[in-house]
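To start, the structure under review is shown below, and the notes come after it.
Note on naming: letters A, B, ... go to the chains in the order of the sequence lines (proteins, then strands), and numbering restarts at 1 for each one.
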Amino acid sequence: MKLYHHEKIEKKWQKQWLAEETYKASDNKVARKFYHLVMFAYPSGDLHIGHWYNFAPADVVARKKRMEGLNVLSPFGFDAFGLPAENAAIKRKLHPKEWTYANIDRMRGQLESMGPSYDWSRQVITADPEYYTWTQWMFLQLYKKGLAYRAEVPANWCPSCKTVLANEQVVDGACERCKTIVVQKNIEQWMFKITAYADELLRNLDALDWPERTKTMQRNWIGRSEGARIKFKLHKSQTAQITNPDEIEVFTTRPDTIFGATYLVLAPEHPFVTEQLLENTNHKSQITNAYAVKSYIDQAAKKTEIERTSLEKEKTGVELEGIKAINPATGQEIPLWVADYVLGHYGTGAIMAVPAHDQRDYEFAEKFGLPKKIVIEPVCGDPRPDEEYRLSIVAIVEDRKTGKLLSINWGRELGGNLFVGGGRENGEDPIQCALREIEEETGYHRLTPTSSTEAIYHHYRAHSKNKNRLIEAIGLHFYLEDGDQKPVKLEEDEKGKFTVEWLTKDEARAKVKDPLHRLVFDRLVEKHAYAGEGMMVDSGEFTGLESGKALPLVIGWMEKAGWGMHAITYKLHDWIVSRQRYWGAPIPVIYCAQCAINDGNTKYEIRNTEQTGNNIILRNGKKYAVIPVPPDQLPVRLPDIDDYTPPGDGKSPLARSEAFTNVQCPECGKPAKRETDTMDTFVDSSWYFLRYTDPHNAETFASKENVAHWLPVDLYIGGAEHSVMHLLYARFFTMALADMGWLHFREPFAALRHQGIILGPDGEKMSKSRGNVIDPDSLVKNFGADTVRMYLCFMSEYSQGGPWSPGGINGVHRFLQRVWKWYTSPRPSPQKGEGDFPPPRGGIEGGVFKTLHKTIKKVGEDIDTLKFNTAISALMICFRQLEEATDVSAETREIFLKLLAPFAPFITEELWREQLGHASSIHREPWPTYDPSSMEDESVSIAVQIGGKTRGAITAPKDADEANVRVAVHADPRLQKYLEGKEVKKTVFVKNRLINILVA
RNA sequence: GCCCGGGUGAUGGAAUUGGUAUACAUGAGGGACUUAAAAUCCCUUGCCCGCAAGGGCUUGCGAGUUCGAGUCUCGCCCCGGGCACCA
């Protein structure tokens, strides 16, 4: 027996596989294709165990599919541009290129040690000019379609990284990479119009085979809201000089509450506000409190995003005095306010406030004493036939001293805990009625009324009266002024039916279940605005309608009147792709002053240049035409410059290079300026999966034939942290390219799976500072790559991850050593016809044969569903039987090795070729198939339950019927005692599973 | 606050989708081999009562449906993730 030296065999096969091109994908459409993709790596320096956890189990799938005869494309590459590499290089005083490519070399070596079946001939590196030529080309395609444009927008600026970030790269108000608090800065930026695809990005999610939580995250990020845009005219007094605009547009999801809009709120950033303040300096503005408004806005601007949204939820704001708006539905004059609870970047940056039916507006109105107008009355319960209509009240009495609430407990059957309720005679004052009912039922008096609700309708069945009722209730809140007062005597007939209890607010929340009483509690005690649907009141022609049903009617009415329209708003914003940093693909654009003059087009707008010629931008008051770099001049090479540190003045370090900046305009030949910003790294990674299909193509990003053959990706495996950014951007690119005719599909990743996260042995996130980092290199050195790969597959449910347990790896290592020993130990070779394949049923090899086929099925299915841990468990069970068998056929030995091959590629290859004497690789062998009929057992164990309790099991022939099983149960001495002298009432029989005998 | 996941031995985790809970491993304890250790192999290992035979209990907690619930329903507790003044 040779000893198992993993170092030797691993090196040997790594070389051999490369030499034999074992894993090369064929572009010939000879077999059904399988595009198997893992997220490419960021060359940060070292491969950590998390990389391995992504790549190693994923590789098992690729290997198995290849053995199944599919034409597998499993490529790998490096996402080499970007901030982290650049920052790391600066820290080490290295050129980003040096640093990055050294890392790639190192990581490539580590990757190869892992034994993945990548087709290395297709490796892509996004920082290679051969790659970013096409990144730039893609930019120009988007530009031509009007999907890339330049605009000055408030952008997230990271003061530490000295660049702008996309919304997706800001986490909790801080830079995703360096955790520095992001500030808002107005800078002219290149943007991608991803919002043009918001609807499709949302809609297509339903059909994708992706984890539900990932789809949910994308849905939330896109954040579609349907409602209406409504224009509010501004009131013009005699002296008014308000020029433009003379109206404010708001977005609302509740146009059905328009009649309840009692004021408008503008975001501090709203252009109207800015303009009014500006005009104020020219004494044109109508605002009479400009100073107060300005100081409020300055204060709001100083707050970071975090301060604005987290801790302090207390509403703040200031009125724009001197200006009024007109509610177009009611014609009433309403005030305008500025408050930072309205966000400048969502909707129109302005809202109509409906304090009666929106919690935020309610709180704001409470604080500033603004009027609330009820336009929706709640309805609970469902209408029933023959309803009796009654007026009533629900009264909540609060003890001012203890804060407890007066409740009546009617007992379980009559509705449990309620507040005081009662019928109101026609014409009776609700307060008088409530005082009367409270005194009658509880005996308390001397109460102060404080607040009341709108009418609330309740359809219900009054069981005690045996009648269906619709009641129109008013909820009332009273303070009990003197907590010590003794309740006066109750009427005789009321006694015993109920008990009077004082409940804390928490108790009331838990115990009061009745919907009507609940609503009153929510409104008067919890101080919640009623934001649900209900009956419209005080709403002109819509009064009396159900608000949900009336919503489209209301929108139609607005549209007809011309001051409102149906609208959809998304949270998703256009993607800012400019980065004021060195290490990225240069944006391939030139600015030409001469062409701006020639063009004569002075408009600043986003245009589709295929139809309308050059766009014009303004810079320092001067006009420039935007000239795309012609395709034959691509790539715009990233120059080697001496100082690539970010200047921090909003410009890229490339702006320092005269040689780079000054160019001849490709259109008019006059001196012009190059764009000096580079592209966000996420642009590079938005299309890399296309390049893999044809990575060396110099004519186009990938040939149409190859793209058509390989895409879409059949299985994409990578971390959940890319749920919104990369995965959303790549989908956008795919849709845009499809619309340009370059692609034949609209969704790049048909199936997506996330691996879990491996934590340190202490259960905490791995980090150098905690000292709980697991180093894959030393694991490979100690145990061999096969063991590490296999343990990663075995340690946990793949999508779950979990803490690394240092001892656990021993189990897998022992298993592989047993396998090695078993295959390398001399054993009597079976005689011809003896123990062969297929062997006779029964006997030891017969048992092995059955187990083997069950294992083929189990392992195959488990790999397909990424349940690697149970696949390995099945292999272990099977192998235990092989070890115990006295006689195992050569075929069985080969089949087992093939099943193990995707998990442990090195050891299986060594045994396959050196022990079993094959000339070619096991990894190109056909995957074993199983024979369903030979897997079946002749006898089965049937659970026996007596009275629902499991009392034992019997062995019976497969498919035995109930009668036979019953006989067997009664014959079993261990079971008899449970049945002796008892009458069998019923039996439940599940074939091949269980019998449950119910006895008297 | 809202939306997703999840809670099973000492530990990582299984469980044919409503049918014998704890597979497979780790760890621990005991034994064999050895001068010794490591490695290897064998046995034990959910909890409680009992000398034993045996009995009882057990999938975060509490109810419910069912002949039967880790699995379904309702209520609650805890952990992880995402979103969060989005009109």
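Between A/Lys215 and A/Asp206, the closest heavy-atom pair is NZ-O, 3.3 Å. The shortest non-hydrogen separation linking A/Phe272 to A/Leu336 is CE2-CD2, 4.4 Å. A/His528 and A/Gln359 get closest at one heavy-atom pair: CA-OE1, 3.2 Å.
Pair check for B/U44 finds B/A28; Watson-Crick or G-U wobble, both atom distances under 3.5 Å. The partner of B/A23, taking Watson-Crick or G-U wobble pairs whose two distances both stay under 3.5 Å, does not exist in any strand shown. Both distances falling under 3.5 Å, in either a Watson-Crick or a G-U wobble arrangement, occur for no nucleotide opposite B/A38. Nucleotide B/U65 has no partner under the Watson-Crick or G-U criteria, as no pair reaches both atom distances under 3.5 Å. Remark: B/C85 base-pairs with no nucleotide in the shown strands. Criterion, Watson-Crick or G-U wobble with two distances under 3.5 Å. Pairing of B/U71, defined by two Watson-Crick or G-U wobble distances under 3.5 Å, is not identified with any nucleotide. B/G50 is unpaired under the Watson-Crick or G-U wobble criterion, no partner having all donor-acceptor distances under 3.5 Å. Figure legend. B/G5 is base-paired to B/C79; pairs are counted as Watson-Crick or G-U wobble with both atom distances under 3.5 Å.
Taking the six-membered ring where the residue is Trp, the centroids of A/Phe794 and A/Phe903 are separated by 6.0 Å or more. Checked against the 6.0 Å centroid threshold, A/Trp822 and A/Phe879 count as a close aromatic pair. Ring-centre distance between A/Trp804 and A/Tyr791: below the 6.0 Å cut-off.
Computed from coordinates, the A/His813 NE2 to B/A39 C1' distance equals 12 Å when rounded to whole Å. The distance between atom CD of A/Glu314 and atom C1' of B/C85, rounded to the nearest whole Å, is 13 Å.
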Subject >> Under 4.0 Å protein heavy-atom contact, by nucleotide of nucleotides 12-30 of chain B - B base, S sugar-phosphate only >> reply: BSS-B--BBS-BBSSS---
Original post:
Along nucleotides 52-62 of chain B, 5' to 3', which nucleotides get a B, which get an S, and which get a -, given that the test is a protein heavy-atom distance under 4.0 Å?
Top reply: --SSSS-----
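Of the side-chain N and O atoms in A/Thr987, none sit less than 4.0 angstrom from OP1 or OP2 of B/C67.
In terms of position on RNA chain B, the residue among A/Arg254 and A/Asn220 whose nearest nucleotide sits closer to the 5' end is A/Asn220.
For B/G9, the base adopts the syn conformation, since its glycosidic angle falls within 90 degrees of zero.
Listed for the A/Arg753 side chain is no donor-acceptor partner under 3.5 Å among the backbone atoms of A/Ser799.
For A/Arg213, counting side-chain heavy atoms from C-beta on, the closest listed nucleotide (B/C4, B/G82, B/A87) is B/C4.
Taking 3.5 Å as the limit, the base of B/C85 and the side chain of A/Lys315 contain a donor-acceptor pair of atoms between them.
Figure legend: cation-pi geometry between A/Lys315 and A/Tyr341, with NZ or CZ positioned under 6.0 Å from the six-membered ring centre and within 45° of its axis.
By the 4.0 Å N-to-carboxylate-O rule, A/Lys867 lies too far from A/Glu797 to be salt-bridged with it.
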